[in-house]
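Heads up, the thing below is written out as structure tokens.
Each residue takes its place number in the sequence, starting with 1. Whatever order the structure lists ligands and atoms in, that order sets their numbers, starting from 1.
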Amino acid sequence: MPQRSTRQTSAATMPAERYDAIVIGAGINGMYQLIRLRGLGLSVRVFDAAGDVGGTWYWNRYPGCRFDSESYTYIYSFSQELLDEWDWEELFSAQPDTLRYCQYVADKFDLRRDIQFNSRVRSARFDEAKDQWAIETEDGRKARCRYFITAVGPLSTPVMPKIEGIDSFEGESYHTGLWPHEPVDFKGKRVAVIGTGASAVQLIPVVAEAAKHLTVFQRRPNWCAPLHNGPIDAEEMKRIRARYREIFAKCRESEGGFMRVADPRKAVEVSPEEREALFERLYETPGFAIWLSNFRDTFTDETANKIITAFIARKIRERVRDPDVAEKLIPKDHGFGTRRVPMESGYYETYNRDNVKLVSLLETPIERITPKGLRVGGIDYEFDIIVYATGFDAMLGSYNRIDIRGIGGKSLKEKWAEGPRTFLGVQMADFPNLMMVIGPHTGASFCNMPRCGEENVDFVTDLIRFTEQKGYTRVQPRPEAESAWTNHVVQIADKLLITKTDSWFTGINRNIEARDKRMVLLYAGGAPRYRSKCEEVVAGGYADFQFS
Ligand SMILES: Cc1cc2nc3c(=O)[nH]c(=O)nc-3n(C[C@H](O)[C@H](O)[C@H](O)COP(=O)(O)OP(=O)(O)OC[C@H]3O[C@@H](n4cnc5c(N)ncnc54)[C@H](O)[C@@H]3O)c2cc1C
């Protein structure tokens, strides 16, 4: 502790460092942004609260954590050499492998020399007199730059539930998004998992294998579907490598940057036999096929959605032996695919084990955490370990944690109080030279990340290059361009059932104060349409922006 305070004092008294650009975040997008800005010849500093590169794959080390994207689609495409060198071992890579990939990229391109780790940025203020951003980290370090780029991640602010007595627990407790670097030993332990979202669904089958007993506390069930992971051997990797360009081209066609495009038919227009045949085939296909390759009306038409929903409910009933447990696992408040679909490997069968119990919090909410465990519905449960799989303050969390102030001291948090207002999810009026990568309202808000992330970073880089080449020191969107884009994002959202359901897609988070009103956080128009809009803006000579 004394060491830390010494460091704080010295950092706080140091003069501000100066860079052309500062990037927050050294995840998959921040790393690529660093590479591209170096290419412009700019001096760049990246700050990350983490101890190394990787972002999501640095923090989420819980057992079972892995891709839902096909590994070979979740890879940078900018370097042929990198594509030639890297081998994936599984169809859906596990977190340690993905983190290794990020570290490999950092080594290959010598990225760490421009990254300041263990540094959380707490504030960023625009200096109108100098057209510079003044950044300050939590330990008092100061830095200034012309371009301030946030690659802070869509799912990077873990959220704990608000439960009385949470600090009183005497056993071990962990959040999936802040998992320790040392392995957690579940062997012979009584374990509680709170939450049944995408992380929990990956973790639960693995913990059940090791633990003496596992109790899962579920507030709202999710519709999950089988991942069908498998190994990639050397021959298969060779074939994948030969097809990379074709794979990326296919991803470019799809709404979400995946290898999946919707079936052009409508569920309501084909026979029950044809529907059943497609559903069965997709349910057996690895990855998001059942979600993203389904009939095209599945996520826009309530009748079509009810059909696939009934199919998935039937699958759950077939897989879970106890009918009461199966009913608890079947969502009743939303249709299949209208929230992010967690992909699972033996999740439903886990509830057939003698050492696993499901407690529905809809019937009996958690009253409090006690020194020995949890009190639920008047019953005291005792545990050695509690795992909080309670997710993230999605899209907004990492922005709200930084005090970002633009022209006239205007706060970004206040500007977004009723929901984000952006131009292309990249910039905001009154916040000049601040660029977001994978911010709310980009076509990449829910996308196979490197596919859309690379395009987003390229757009930001080109905008900076244009600004530099023209000799301007300030760039921001015209207020009318921001309004038009924001209105378009809101209007288009209305077409999808996803935006009519409470979830992190719509900004609802019952563990966070005042987040019970739906907002439009994602661009529902799909990646190809978003890309066309960006191309149109570039072709129009960036007329939607004001430069000075
Ligand atoms: C468990 C899990 C599984 C996922 N699986 C997939 C998948 O299969 N496919 C897919 O496409 N996407 C997946 N995602 C989404 C994932 O977040 C993205 O794929 C991708 O990692 C985002 O990269 P990023 O660089 O934008 O952000 P991140 O990887 O989140 O990195 C952001 C970084 O910014 C840092 N940061 C934030 N705020 C500050 C601050 N104030 N100061 C300093 N540093 C800060 C964080 O520490 C973090 O390291 C998954 C997410 C999770 C949580």
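Comparing I135, V121, L227, T56 against atom 51 (C) of ligand 1, the shortest heavy-atom distance belongs to T56. Among V23, D48, T157, the residue whose heavy atom sits closest to atom 47 (O) of ligand 1 is D48. Of the listed options F258, F47, Y32, Y62, Y62 places a heavy atom closest to atom 1 (C) of ligand 1.
Proximity of A151 to ligand 1, defined as any heavy-atom pair under 4.0 Å, is confined to the backbone N, CA, C and O atoms. Contact annotation: for I402 versus ligand 1, heavy atoms closer than 4.0 Å belong to the side chain alone.
Scanning all protein heavy atoms for the shortest distance to atom 31 (O) of ligand 1 gives G55 CA, 3.5 Å. Closest to atom 4 (C) of ligand 1 among all protein heavy atoms lies W57 CH2, 3.6 Å. Looking from atom 38 (N) of ligand 1 to the surrounding protein, the closest heavy atom is V152 CG1, 3.7 Å. Ranking protein heavy atoms by distance to atom 27 (O) of ligand 1, first place goes to G153 CA, 3.1 Å. With hydrogens left out, the protein atom closest to atom 8 (O) of ligand 1 is D68 N, 2.7 Å, a heavy atom. For atom 23 (O) of ligand 1, the closest heavy atom belonging to the protein is I28 CG2, 3.3 Å. The single protein non-hydrogen atom nearest to atom 34 (O) of ligand 1 is G25 CA, 3.3 Å, given as residue, atom name and distance. At the top of the distance list for atom 11 (O) of ligand 1, counting protein heavy atoms only, stands M449 N, 2.8 Å.
You'll find the ring centres of Y76 and W86 outside the 6.0 Å limit. Aromatic rings of F392 and W59 (six-membered ring for Trp) have centroids beyond the 6.0 Å cut-off, not under it. Between Y19 and W133, the ring center distance fails the sub-6.0 Å criterion. Ring to ring, F109 and F78 are close: their centroids are under 6.0 angstrom apart.
Open room surrounds NZ on K250; 12 or fewer heavy atoms of other groups in view lie less than 6.0 Å from it. A 6.0 Å sphere centred on CD of E535 holds more than 12 heavy atoms belonging to other residues, nucleotides or ligands.
An N or O contact shorter than 3.5 Å links N29 to ligand 1 by distance. Close N/O approach between P154 and ligand 1 is not found [any backbone or side-chain N/O within under 3.5 Å]. Residue contacts with ligand 1: S69 is placed with a nitrogen or oxygen under 3.5 Å of a nitrogen or oxygen of the ligand (distance criterion only). Between W59 and ligand 1, at least one pair of N/O atoms sits closer than 3.5 Å. Residue A49 has at least one N or O atom closer than 3.5 Å to an N or O atom of ligand 1. Residue L155 has no nitrogen or oxygen atom sitting less than 3.5 Å from a nitrogen or oxygen atom of ligand 1, judged on distance alone. Backbone and side-chain nitrogen or oxygen atoms of Y74 are examined, and one is located within less than 3.5 angstrom of a nitrogen or oxygen of ligand 1.
No donor-acceptor distance shorter than 3.5 angstrom exists from the side chain of H181 to the backbone of R61, with no hydrogens or angles considered. Between the D97 side chain and the S93 main chain, no donor and acceptor come within less than 3.5 Å of each other. Using modelled atom types, one side-chain atom of R241 and one backbone atom of L83 make a donor-acceptor pair closer than 3.5 Å.
Within a 4.0 Å radius of atom 14 (N) of ligand 1, the protein contributes no non-hydrogen atoms.
Distances from ligand 1 to the non-hydrogen atoms of G177 include no value under 4.0 Å. Residue contacts with ligand 1 do not include G453, since none of its heavy atoms lies under 4.0 Å from the ligand. The shell of residues lying under 4.0 angstrom from ligand 1, judged by heavy atoms, excludes R401.
Heavy-atom proximity to F67, at under 4.0 Å, picks out these atoms of ligand 1: 8 (O). Interface atoms of ligand 1 facing F392, defined by a heavy-atom separation under 4.0 Å, are 53 (C). Listed by atom number, the atoms of ligand 1 under 4.0 Å from S156 heavy atoms are 30 (O). Below 4.0 Å from some heavy atom of I24 lie the following atoms of ligand 1, by number and element: 39 (C), 40 (C), 42 (N), 43 (C), 44 (N), 45 (C). With ligand atoms numbered from 1 in the order given, ligand 1 contributes 11 (O) to contacts under 4.0 Å with heavy atoms of C447. Listed by number with element, the atoms of ligand 1 under 4.0 angstrom from any heavy atom of N448 are 11 (O). For ligand 1, the atoms sitting less than 4.0 Å from at least one non-hydrogen atom of S119 are 42 (N), 43 (C), numbered in the order shown with element in parentheses.
A salt bridge links R515 to D393: at least one charged side-chain nitrogen sits closer than 4.0 Å to a carboxylate oxygen. Using a cut-off of 4.0 Å between Lys/Arg side-chain N and Asp/Glu carboxylate O, R510 and D502 are scored as salt-bridged. We find that E255 and R529 are not joined by a salt bridge, their nearest charged nitrogen and carboxylate oxygen being 4.0 Å or further apart. A salt bridge does not link R125 with E136: every distance from a Lys NZ or Arg NE/NH1/NH2 to an Asp or Glu carboxylate oxygen is 4.0 Å or more. Ion pairing between a basic and an acidic side chain is recognised when a charged N comes within 4.0 Å of a carboxylate O; D110 and R112 show no such pairing.
Looking only at side-chain heavy atoms (C-beta outward), I204 and L214 come within less than 4.5 Å of each other. Counting heavy atoms from C-beta outward, S173 and Y388 have side chains that approach closer than 4.5 Å. For the pair M343/R66, no side-chain contact is recorded, criterion being any heavy-atom separation below 4.5 Å from C-beta on.
Evaluated for a side chain to side chain contact (heavy atoms under 4.5 Å, CB included) with I24, the options D48, I149, I402, V46 yield exactly one hit, I402.
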